[in-house]
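Shown next, in structure tokens, is the structure this report addresses.
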Amino acid sequence: MNEPVLRAHNVRKSFGHLEILKGITLEVQAGQVACLLGPSGSGKSTFLRCINHLEKISDGEMWVHGDRIGYRRAGNKLHELKENETAKQRASVGMVFQQFNLFPHRTALENVIEGPTIVQRKSRAKAMAEGMELLDRVGLADKYQHYPSQLSGGQQQRVAIARALALKPKLMLFDEPTSALDPELVGEVLEVMTSLAASGMTMIVVTHEMGFAKEVGDVVHFMADGQLVESGSPRQVLEDPREPRTQAFLSKVLA
């Protein structure tokens, strides 16, 4: 059996006395699209942020491609990695947020090449050539000189996807990437994500887009109250959920 791309074991996260994640254990295999569903406040976004150490886990362990995220073990103790070591790990995990987080004073292409030129020390010429290929991949090659204010929300999110892909990540994380978009712009972003999935990209997607989860997802994890309530194929979880909490949630969102 091949090493999973992501392996999380008993991951817990607390903010003060408030426990957000209460022992999450799951695996994501290479090429899988794993969709995380659940009500707001269930810990889905926090879990994603723990994967690339944007949030430090309070307990448990997490590995990406066999590398322990954020820590190294020495004897019986875990020691947090230095910032430059953590940054190197983050480079293998692309993340697309709800908000686009583009640099407003830089063009679409300049936003895309930021990571390769600064983090990976790639030459500007090579980064620009690869950046144009990525903008073409997300259908925005003709917008390379446009600033974020000149782009629609859907176009900005597609630039954000291209920017995340520019570092050639082994794993892509999407944190409700369509939630900030007007309804008519959602489809263009989901189309890019569907194309990425078809190319074999390993993806973890926090989403409320049930159609995407059903058609593109390989596995669905339902979270509530900081716990992993139910996991299974999209058809099983969405059409024949076993757990009452899953049933109650789906009865509202699919009504």
Side-chain angles (χ1 to χ4, degrees), residues 4-29 32-64 69-70 93 95-99 157 171-181 183 186 189-190 193-194 197 202-255:
V5 173
L6 172 75
R7 184 158 56 99
H9 176 69
N10 196 33
V11 171
R12 296 178 179 272
K13 174 62 181 177
S14 297
F15 294 100
H17 295 296
L18 182 63
E19 191 173 30
I20 304 298
L21 298 176
K22 303 173 182 177
I24 303 295
T25 295
L26 62 82
E27 293 184 353
V28 178
Q29 303 298 326
Q32 271 193 336
V33 177
C35 294
L36 303 186
L37 309 181
S40 296
S42 58
K44 308 182 301 296
S45 295
T46 299
F47 180 70
L48 278 199
R49 292 175 65 83
C50 288
I51 292 174
N52 59 6
H53 206 56
L54 290 174
E55 296 289 355
K56 302 174 185 179
I57 62 176
S58 304
D59 197 10
E61 296 175 287
M62 193 175 294
W63 297 263
V64 172
I69 295 300
V93 182
M95 188 159 183
V96 178
F97 301 87
Q98 296 177 35
Q99 303 299 327
Q157 192 61 295
L171 171 65
M172 281 286 286
L173 311 177
F174 293 86
D175 186 8
E176 297 191 35
T178 60
S179 65
L181 300 178
V186 168
V189 174
L190 293 181
M193 293 170 62
T194 300
T202 308
M203 299 161 56
I204 304 177
V205 184
V206 172
T207 185
H208 291 295
E209 300 292 339
M210 298 298 161
F212 177 87
K214 185 174 181 180
E215 298 300 324
V216 183
D218 296 302
V219 61
V220 168
H221 300 287
F222 176 72
M223 290 178 62
D225 304 315
Q227 297 178 308
L228 190 59
V229 176
E230 183 165 359
S231 298
S233 70
R235 181 176 296 275
Q236 183 267 301
V237 175
L238 296 176
E239 296 182 7
D240 188 26
R242 300 186 181 98
E243 298 297 327
R245 185 68 184 87
T246 316
Q247 295 167 5
F249 173 78
L250 292 174
S251 70
K252 294 176 182 177
V253 300
L254 296 179

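Atom set for the values below is all heavy atoms of this structure, side chains included, hydrogens, waters and symmetry mates excluded. Nothing fancy with the numbering, it's 1 onward along the sequence.
- One finds the SG atom of Cys50 at 11.5 Å from the NZ atom of Lys56 (value rounded to the nearest 0.5 Å).
- The local environment of CD in Gln99 is sparse, with at most 12 non-hydrogen atoms from other residues, nucleotides or ligands closer than 6.0 Å.
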Evaluation steps, side-chain contact (heavy atoms from CB on, under 4.5 Å), between Ile57 and Lys13: CA-CA 5 Å; Ile57 62 176; Lys13 174 62 181 177; 5.5 Å; no
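- Residues Val5 and Gln29 approach most closely at CG2-C, 4.1 Å, considering heavy atoms.
- Within 6.0 Å of the NZ atom in Lys214, the count of heavy atoms belonging to other residues, nucleotides or ligands does not exceed 12.
- Taking OG1 of Thr207 as the start and CD of Glu176 as the end, the distance is 7.0 Å to the nearest 0.5 Å.
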Salt bridge (charged side-chain N to carboxylate O under 4.0 Å, His left out) assessment of Glu230 paired with Arg245: CA-CA 9 Å; Glu230 183 165 359; Arg245 185 68 184 87; over 6 Å; no
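- Evaluated for a side chain to side chain contact (heavy atoms under 4.5 Å, CB included) with Val33, the options Met193, Met172, Met203 yield exactly one hit, Met203.
- With a 4.5 Å cut-off on side-chain heavy atoms, Leu6 and Leu26 count as touching.
- Distance check: Met62 CE to Asn10 CG gives 10.5 Å after rounding to the nearest 0.5 Å.
- Gln157 places a side-chain N or O within donor-acceptor distance of the main-chain N or O of Phe97, the cut-off being under 3.5 Å.
- Annotation for Leu36 and Met223: closest pair CD1-SD, 4.4 Å, computed over non-hydrogen atoms.
- Of all non-hydrogen atoms in Leu37 and Val220, the two that sit nearest each other are CD1-CG1, 3.5 Å.
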Intermediate values then yes/no, side-chain contact (heavy atoms from CB on, under 4.5 Å), Glu61 and Arg7: CA-CA 8 Å; Glu61 296 175 287; Arg7 184 158 56 99; over 6 Å; no
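- Closest heavy-atom contact between Arg12 and Gly23: CG-N, 3.4 Å.
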Test side-chain contact (heavy atoms from CB on, under 4.5 Å) applied to His208 and Val253, step by step: CA-CA 8 Å; His208 291 295; Val253 300; 5.6 Å; no
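- Closest of all the heavy-atom pairs between Leu21 and Phe47 is CD1-CA, 3.8 Å.
- Ser231 and His221 make their closest contact through OG-ND1, 2.6 Å (heavy atoms, listed as atom of the first residue, atom of the second, distance).
- Side-chain contact between Arg49 and Thr46: absent, with no pair of heavy atoms (C-beta onward) separated by less than 4.5 Å.
- Side-chain N or O atoms of Thr178 include none that pairs as donor or acceptor with a backbone N or O of Leu181 at under 3.5 Å.
- For the pair Phe15/Ile20, a side-chain contact is recorded, criterion being any heavy-atom separation below 4.5 Å from C-beta on.
- Between the CZ atom in Phe222 and the CD atom in Glu243 there is a gap of 10.0 Å [rounded to 0.5 Å].
- Separating the SG atom in Cys35 from the CD atom in Glu215 is a distance of 11.0 Å, to the nearest 0.5 Å.
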Derivation and outcome, side-chain contact (heavy atoms from CB on, under 4.5 Å), residues Met95 and Leu54: CA-CA 11 Å; Met95 188 159 183; Leu54 290 174; 4.0 Å; yes
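- A donor-acceptor pair is defined here as one N or O able to donate and one able to accept, closer than 3.5 Å; no such pair exists between the side chain of Asp175 and the backbone of Gln98.
- Distance alone, capped at 3.5 Å, is enough to place a donor-acceptor pair between the Ser58 side chain and the Ser14 backbone.
- Side-chain atoms of Ile69 and Ile51, non-hydrogen and from C-beta on, never get closer than 4.5 Å to each other.
- Remark: side-chain polar atoms of Lys44 are paired, donor with acceptor, to backbone N or O of Pro39 under 3.5 angstrom.
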